[in-house]
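Working notes, beginning with the structure itself.
Only a predicted model underlies this, so the values are computations on that prediction, with no experimental measurement involved. Quick note: residue numbers are just sequence positions, from 1.
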Amino acid sequence: MTSVEWYETANVDDQKSGARKRQLLIGSLFFLTSFFLAQSVVFEAAVPFSVPFWAIIRSKYKEYAKFVLIGGLIGCYFLGFGQVLILALQIGMYECIQRFRYWQLPQSIAVSLAVLIVQVLWQGVMHQGLPPVLVQFYVGCEVALALIMTLFMQVLFVNSYEWFTSHWTYERLGSALVVFAAMLTGMQAVVVSYFSLPIFLLQLLICFGASVGSVPLATVIGAVLGALIGVAKLSFTGMLSVATLTGLCAGMGARAGRFGVAIGSILPSVFFLFYDATLPLDSVYFTSIAIGSLVFLVLPKSYSDKVRNKLFPQREEVLLARQHWLTEHVTFKLEHFQHFVHFMKELVFERFMTAPVAVKEEVAPMNTCLSCFRHDRCWGAQNNGMDKLMTDWFHMKGVGKESSIHRVEEQIRYKCVKATKIFEELETELYRERINGQYFHGKKMIALQLRDMSNHLNQLIAEMKEETISFVSVEKDIIQRLKDAHIECFQLDVLSNKAGARKIVCALAPARVNWEEDTTVAERMILPILYDIFEEPFEIDKVVACDVPFRHIQVSFRSAISFEVEYDIYSMSKDATLYSGDSHALFQLHPGLFAILLSDGMGQSKEAQHESRKLIHLMRECLNFNMNPETAMHTLHYVMSLKQQDDMYATLDFALVDLQHGDLWSWKAGGMSTYILRGKEVLKVESNAAPVGFLSISAVEAEKRKLKAGDVILMHSDGLFSSIADWDEQEESFLAFAQQVASTNKTIQDKLTTIMQSFQSYYAIEDDCTVLMLEVTHVVPTWAVFKPAQYSMSKSS
């Protein structure tokens, strides 16, 4: 065994030992409580307080039920064997009533009914008929006291986790005093020489209450305990006066510290010793309160501080901490928004006064052509292709290839007798179309930017509102949804709230479901709730059974990443030069979203490389500032057109792969088709949008495709296909090679290399070329991998 394994084993053993000690301590406390409740005497008659106590512990703390049963039976044994038999019959009757499937009575009614049935039968047998009226009165009192005590215990004994999480209300505090008073009535016989246990505990509790809550709490404790003990002893007014005045004087002495509390708690007893000789204020009483005061003085001050913080939490410190967090949070949000605005200003307005560039798409006869005698030959029925030549001219002007422009112009001069005027008019028309495209596209771009800025501001303002700016705003929403679904979650922590990387820990009380053996409830009920709130899938990370500070289950949830992407890149430049006009970037925006960028600058020069790389860089900046992809595409389309370099632009093929839902979102600005290989099926994603900076078409729409495990995504630049051979034929060959290789068990690097080698053996690549290949597969969680050999070895060790 290694040192790490030994340490982990020792740590587990220590935890188990601590859990056993804690269970034994709590069990002993419940044993003593049940023992003294069984000996409680009210109106000089035994009362069945053990039955309500058994009912509560049996339903909420099953592991301690045996301690309660043993303590109650032993306590009744000191009152007589008949009382033991009565308690056993009442508990048995209660269990029969609760297990009867044809009705479901409230717990308090079931307890009182069990007490009534057993006592009626018992007294009927003892008196061989109808018992006397006094006995019937005592039976009715027992039933009423059992009902009342059950209600008080239901308020006091909450679920185990609520002892540490919920606040102590006045109702719960009053219930605790009632139960404690019932225990004190059962301690009357515990007197050792000059020491009385109930008087000692009464004095200690009053002093402790004065130290915690000053006059109000100490007075309430003295009044409630004094009244209940006085009623039990048939001496209501005397003990009530002594206990209430003791609490009042102890609370008033709290200003002088702990000694003031101790001295103030003794003075009323000294006063009543001389004032009322009928009260049982003897040497046993004074010895017990003196010992109680001394024990209070030696108690650590931290005990009273903890109880005071629980009963009367200091909200000022919490508010100051939250205010400090609020200041830092809002400052961070404002700084982030300021950086965003600065980025937008530099992106758009820094180049606002530069020369525009646009393109003409549809061509109509020029004015020069309308007045020409050869109009019918060029544009009429005898059309000799002038419209196609002018369309090619507009296109080549946008492409920026001088050789192609020169070739088209030579063809126009060959067919047109007024070529000079035609070129002037074409230039004017091109300029006008560029201005119009720039104007309309600019308005759309500004509108999209304002929409994103508005979203930023709305989010910031919403977070600054009082109802949303909170440490637990999201946690409260989740807890409320769980309560509506009747899921007992007493603690929930959102460790991370970042999209795609959320982590949530939920502490559940195993009251109704055995969470250690089955997590079906968490999978079928909690996961859909988290999906509705965050609109993303979740999965169970781990389930841990904890015994500290009480028995509960911790279920950890995290954002579910259903798919993963493996990719490879094939890139080459024309004639193996240092500069390539193609640029690409593949990166994760967050664990659930994968981004793909492919740009092709016009030409093979250093300027083309700079243009495509600049476009990739600006797009990444936009995405890092949480800009909407559609807004980012339109913004870059507009900004790249406002540049001083003539006839320079670049295509952009942008795709997002949603790894949580399995979706592919594609935006194309002059990019080539994207292929999705799914077995023998091929899905194509195409777009007619112009390249970035090419303003003839300003619409950049998103295309969505659903992905499946095993899909292969192929993206490429236009340099893959030769301009000499037929493009459709090249595309078919490329896809055929890709389908043959995609189904093999090779690595993705070998697959892409094989595809390109096979393709180049038939067609030559004469331009800069970049091919991106991505394989989409399911994420296999670690818990789904089962290895019998390892399992058997771990079990045997």
Side-chain angles (χ1 to χ4, degrees), residues 30 33-43 45-69 71-73 75-76 83 86-123 136-163 166 168-186 224-225 227-228 231-232 486 488 509 511-512:
F30 282 162
T33 303
S34 181
F35 177 82
F36 290 120
L37 286 177
Q39 292 189 331
S40 298
V41 176
V42 179
F43 303 135
V47 292
F49 285 159
S50 293
V51 182
F53 190 55
W54 160 264
I56 297 298
I57 300 302
R58 181 72 174 80
S59 62
K60 296 186 177 181
Y61 315 96
K62 292 183 180 180
E63 62 270 24
Y64 302 108
K66 56 184 179 182
F67 296 97
V68 175
L69 180 61
L73 294 176
C76 290
Q83 195 65 32
I86 290 175
L87 178 61
L89 291 175
Q90 289 174 344
I91 293 177
M93 181 60 66
Y94 168 78
E95 291 294 330
C96 292
I97 294 174
Q98 287 293 91
R99 296 173 187 269
F100 192 59
R101 63 180 181 177
Y102 294 104
W103 65 42
Q104 292 294 332
L105 296 177
Q107 198 172 42
S108 56
I109 302 299
V111 170
S112 58
L113 186 60
V115 173
L116 177 63
I117 293 175
V118 172
Q119 281 292 359
V120 168
L121 295 177
W122 181 271
Q123 297 300 331
Q136 297 179 23
F137 174 74
Y138 281 143
V139 171
C141 290
E142 286 189 10
V143 174
L145 288 175
L147 175 64
I148 295 173
M149 186 58 66
T150 304
L151 296 176
F152 279 119
M153 287 185 176
Q154 286 178 339
V155 177
L156 174 61
F157 292 100
V158 295
N159 295 323
S160 59
Y161 59 86
E162 293 182 335
W163 285 95
S166 62
W168 278 74
T169 60
Y170 290 107
E171 293 81 2
R172 189 177 174 191
L173 183 60
S175 302
L177 295 177
V178 171
V179 176
F180 185 71
M183 291 179 57
L184 291 181
T185 59
V224 173
L225 295 181
L228 295 178
V231 169
H486 304 289
E488 297 183 2
R512 300 180 182 178

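Using cut-offs of 30° and 60° for the angle between ring planes, the Phe30 and Phe53 rings count as perpendicular.
Donor-acceptor pairing under 3.5 Å is recorded for the side chains of Trp54 and Glu95. Counting only N and O atoms by type, the side chains of Ser108 and Gln154 include no donor and acceptor under 3.5 Å apart.
Annotation: the span from Ser112 atom OG to Ile117 atom CD1 amounts to 9.5 Å, rounded to 0.5 Å. For the atom pair Tyr64 OH and Thr33 OG1, the distance stands at 13.0 Å (nearest 0.5 Å). Once rounded to the nearest 0.5 Å, the distance linking CG of Leu177 with CG of Leu156 reads 9.5 Å. Annotation: the span from Ser50 atom OG to Leu73 atom CG amounts to 8.5 Å, rounded to 0.5 Å. Atom CD of residue Gln107 and atom CD1 of residue Ile97 lie 12.0 Å apart, to the nearest 0.5 angstrom. A distance of 10.0 Å separates CG of Leu37 from SG of Cys76, quoted to the nearest 0.5 Å.
Between Ile86 and Val118, the shortest heavy-atom contact is O-CG1, 4.1 Å. Residues Ala146 and Pro52 share a closest heavy-atom pair of O-CG, 3.7 Å. Residues Gly75 and Gln39 share a closest heavy-atom pair of O-CG, 3.4 Å.
Looking only at side-chain heavy atoms (C-beta outward), Gln90 and Tyr94 stay at 4.5 Å or farther from each other. At least one side-chain heavy atom of Leu116 sits less than 4.5 Å from a side-chain heavy atom of Val139.
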- Message: Please determine whether side chain to side chain contact (heavy atoms under 4.5 Å, CB included) holds for the pair Val178 and Met149, giving the CA-CA distance in whole Å, both sets of side-chain angles, and the decisive distance to 0.1 Å.
- Response: CA-CA 8 Å; Val178 171; Met149 186 58 66; 4.1 Å; yes

- Message: side chain to side chain contact (heavy atoms under 4.5 Å, CB included), that's the test. Do Leu147 and Val111 meet it? Break it down for me.
- Response: CA-CA 7 Å; Leu147 175 64; Val111 170; over 6 Å; no

